[in-house]
*Asks:* 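Here's a structure for you.
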Amino acid sequence: WLRWSRRLQAIAQDGLTYSRDDYDLERYEQLRELAAEIFAAHSTGTLQEAKDLLALETGPATPKVDVRAAVFREDQILLVKESGDEDWSLPGGWADVGESASEAAVRETLEESGYRVRPVRLLAAYDRDKHVHPPIPYHVYKLVFLCEILEEAPSAGVDSEVVRFFGEGELPELSITRVTPTQVSRFFEQHRKPDQPTDFD
């Protein structure tokens with residue numbers, strides 16, 4: 001249902017962006033209302049919250065970009081527990097306008113873990129819908145960069161509640177909204193075997 005709602009919203013958003021005919025604009029507004037009704041009926045939010053969320057999306061409908069950093073120390077991977085989430089994830093988040101994807105990975109890692117890192121290579125370019133993440137209102141591309149630590153001592157005052165390195169055999173419960181166990185296992189493999197290709201889709 002959320003996937004259908006997203007598709008309806010994208011059609012409405014593009015129509016509201018490009019159409020100049022008042023009749024068509026009215027129909028696209030109705031289509032967005034329908035998308036909001038479907039979204040509200042199959043989520044925990046209210047109809048007004050769904051309308052407000054969809055109204056924020058303007059201009060051409062395009063995927064959002066979620067950027068993550070796979071940071072290893074020896075054979076352990078850096079995970080963070082973000083505030084308000086009981087499970088763990090790779091540091092990362094939405095890319096900001098005006099920064100490259102790798103710059104976003106560096107910024108998010110510093111903000112969430114305190115570690116200053118340098119991007120080494122792109123490990124994965126995933127379409128979130130093609131993996132086992134729970135559905136969300138947006139179509140998202142996930143970019144994961146292998147990063148190396150520049151300064152061993154992390155800075156204080158990070159956004160996350162807990163920051164820690166884990167071996168592959170001791171991974172905690174992961175926040176599958178952000179990253180899946182299968183993906184993390186693949187990043188371990190790419191870390192151990194640098195000749196492994198970048199994953200996509």
*Asks:* Test of understanding: with salt bridge (charged side-chain N to carboxylate O under 4.0 Å, His left out), list the residues that count as partners of Asp52, not counting sequence neighbours.
*Replies:* none
*Asks:* For the residue pair Lys193 and Arg121, what are the closest heavy atoms and their distance?
*Replies:* O-NH2, 4.3 Å
*Asks:* Give the minimum heavy-atom separation between Leu143 and Ala125, together with the two atoms involved.
*Replies:* CD2-CB, 3.6 Å
*Asks:* Is Asp14 reaching over with its side chain to a backbone N or O of Pro60, donor-acceptor style, under 3.5 angstrom?
*Replies:* no
*Asks:* Tell me whether Glu112 contacts the main-chain N or O of Val158 through its side chain, where contact means a donor paired with an acceptor under 3.5 Å.
*Replies:* no
*Asks:* In terms of heavy-atom contacts, does OH of Tyr141 have more than 12 from other residues, nucleotides or ligands at under 6.0 Å?
*Replies:* no
*Asks:* For atom CG of Asp21, decide whether the heavy atoms of other residues, nucleotides or ligands shown that lie under 6.0 angstrom number more than 12.
*Replies:* yes
*Asks:* Is there a chain of hydrophobic side chains (I, L, V, M, F, W, Y, each step under 4.5 Å between heavy atoms) that links Leu79 to Val106?
*Replies:* no
*Asks:* Is Glu99 reaching over with its side chain to a backbone N or O of Asp96, donor-acceptor style, under 3.5 angstrom?
*Replies:* yes
*Asks:* To the closest 0.5 Å, what do you measure between CG (Asp199) and CD (Glu189)?
*Replies:* 8.5 Å
*Asks:* Could you check whether the rings of Phe188 and Phe72 sit parallel, tilted or perpendicular, using 30° and 60° as the cut-offs?
*Replies:* perpendicular
*Asks:* For the pair Ser160 (side chain) and Glu82 (backbone), establish whether a donor and an acceptor sit closer than 3.5 Å, ignoring hydrogens and angles.
*Replies:* no
*Asks:* Would a distance-only check, ignoring hydrogens and angles, find a side-chain to backbone donor-acceptor pair under 3.5 Å from Arg6 to Ile136?
*Replies:* yes
*Asks:* To the nearest 0.5 Å, how far apart are CG in Leu90 and CG in Leu78?
*Replies:* 8.0 Å
*Asks:* Which atoms form the tightest heavy-atom contact between His191 and Leu146, and what is the distance?
*Replies:* ND1-CD1, 4.5 Å
*Asks:* Does a side chain donor of either His42 or Glu37 reach within less than 3.5 Å of an acceptor in the other side chain?
*Replies:* no
*Asks:* Output, in order, the C-alpha distance, side-chain angles, deciding distance and verdict of side chain to side chain donor-acceptor pair (under 3.5 Å) for Gln9 and His139.
*Replies:* CA-CA 11 Å; Gln9 160 64 14; His139 186 192; over 6 Å; no
*Asks:* Locate the shortest heavy-atom distance separating Ser5 from Phe39; write the atom from each residue and the value.
*Replies:* OG-CB, 3.5 Å
*Asks:* To the nearest 0.5 Å, what is the distance between CD on Glu29 and CG on Leu34?
*Replies:* 13.0 Å
*Asks:* Should Thr17 and Thr58 be marked as a side-chain contact (heavy atoms from CB on, under 4.5 Å) after you check the CA-CA gap, both sets of side-chain angles, and the distance that decides it?
*Replies:* CA-CA 7 Å; Thr17 299; Thr58 59; over 6 Å; no
*Asks:* Please report the closest heavy-atom contact between Ser89 and Arg68, naming both atoms and the distance.
*Replies:* OG-NH1, 3.3 Å
*Asks:* Has Glu103 got a side-chain atom pairing as donor or acceptor with Ser100's backbone, closer than 3.5 angstrom?
*Replies:* yes
*Asks:* Measure from NZ or CZ of Arg20 to the centre of the six-membered ring of Tyr18, then state whether that distance is under 6.0 Å and the direction lies within 45° of the axis.
*Replies:* no
*Asks:* Is any side-chain N of the basic residue among Glu152 and Arg73 closer than 4.0 Å to the acidic one's carboxylate O?
*Replies:* yes
*Asks:* With a cut-off of 3.5 Å and sequence neighbours excluded, list every side-chain donor-acceptor pair involving residues 163-176.
*Replies:*
{"residue": "Glu168", "atom": "OE1", "partner": "Arg192", "partner atom": "NH1", "Å": "2.8"}
{"residue": "Glu168", "atom": "OE1", "partner": "Arg192", "partner atom": "NH2", "Å": "3.3"}
{"residue": "Glu170", "atom": "OE2", "partner": "Gln76", "partner atom": "NE2", "Å": "3.2"}
{"residue": "Glu170", "atom": "OE2", "partner": "Gly167", "partner atom": "N", "Å": "2.7"}
{"residue": "Ser175", "atom": "OG", "partner": "Asp85", "partner atom": "OD2", "Å": "2.9"}
{"residue": "Ser175", "atom": "OG", "partner": "Arg178", "partner atom": "NH1", "Å": "2.9"}

*Asks:* Could you check whether any side-chain N or O of Arg116 sits under 3.5 Å from a backbone N or O of Thr109, counting only pairs where one atom can act as donor and the other as acceptor?
*Replies:* no
*Asks:* Hey, quick one: are Leu31 and Ile38 part of the same hydrophobic cluster, counting side-chain heavy atoms closer than 4.5 Å, chains of contacts allowed?
*Replies:* yes
*Asks:* Hey, mind stepping through Lys51 and Arg32 against side-chain contact (heavy atoms from CB on, under 4.5 Å) and telling me if it holds?
*Replies:* CA-CA 8 Å; Lys51 288 180 179 179; Arg32 183 160 67 182; over 6 Å; no
*Asks:* Would you check if the side chain of Arg128 reaches a backbone N or O of Pro134 as a donor-acceptor pair within less than 3.5 Å?
*Replies:* yes
*Asks:* State yes or no: do Leu47 and Leu53 share one hydrophobic cluster built from I, L, V, M, F, W and Y residues joined by side-chain heavy-atom distances below 4.5 Å, directly or via other members?
*Replies:* no
*Asks:* Counting distance only, does the side-chain N/O of His131 pair as donor-acceptor with the main-chain N or O of Asp201 below 3.5 Å?
*Replies:* yes
*Asks:* Is a donor on one side and an acceptor on the other found under 3.5 Å between the side chain of Glu108 and the backbone of Ala69?
*Replies:* no
*Asks:* Quick one, Val80 with Val162, criterion side-chain contact (heavy atoms from CB on, under 4.5 Å). Give me CA distance, side-chain angles, the key distance, then yes/no.
*Replies:* CA-CA 6 Å; Val80 298; Val162 190; over 6 Å; no
*Asks:* Heavy atoms, side chains only, cut-off 4.5 Å: are Val117 and Leu150 in contact?
*Replies:* no
*Asks:* In sequence, state the C-alpha distance, the side-chain angles, and the governing distance for Ile11 and Gln13, and then conclude on side-chain contact (heavy atoms from CB on, under 4.5 Å).
*Replies:* CA-CA 5 Å; Ile11 294 168; Gln13 187 176 329; over 6 Å; no
*Asks:* Could you walk me through whether Glu57 and Lys64 pass the salt bridge (Lys or Arg N to Asp or Glu O under 4.0 Å) check?
*Replies:* CA-CA 11 Å; Glu57 299 298 309; Lys64 293 185 175 293; 3.6 Å; yes
*Asks:* Side-chain heavy atoms under 4.5 angstrom apart, residues restricted to Ile, Leu, Val, Met, Phe, Trp, Tyr: same cluster for Phe145 and Val179?
*Replies:* no
*Asks:* Between Asp66 and Lys142, is the salt bridge (Lys or Arg N to Asp or Glu O under 4.0 Å) condition met? List the steps.
*Replies:* CA-CA 5 Å; Asp66 175 29; Lys142 300 178 70 65; 2.3 Å; yes
*Asks:* What distance do Tyr115 atom OH and Glu151 atom CD have between them, rounded to the nearest 0.5 Å?
*Replies:* 11.5 Å
*Asks:* Carefully, step by step, assess Arg118 and Glu148 under the rule salt bridge (Lys or Arg N to Asp or Glu O under 4.0 Å).
*Replies:* CA-CA 5 Å; Arg118 180 180 72 85; Glu148 63 181 19; 2.6 Å; yes
*Asks:* Please say yes or no: joined through hydrophobic side-chain contacts below 4.5 Å, possibly via intermediate residues, are Leu122 and Val67 part of one cluster?
*Replies:* yes
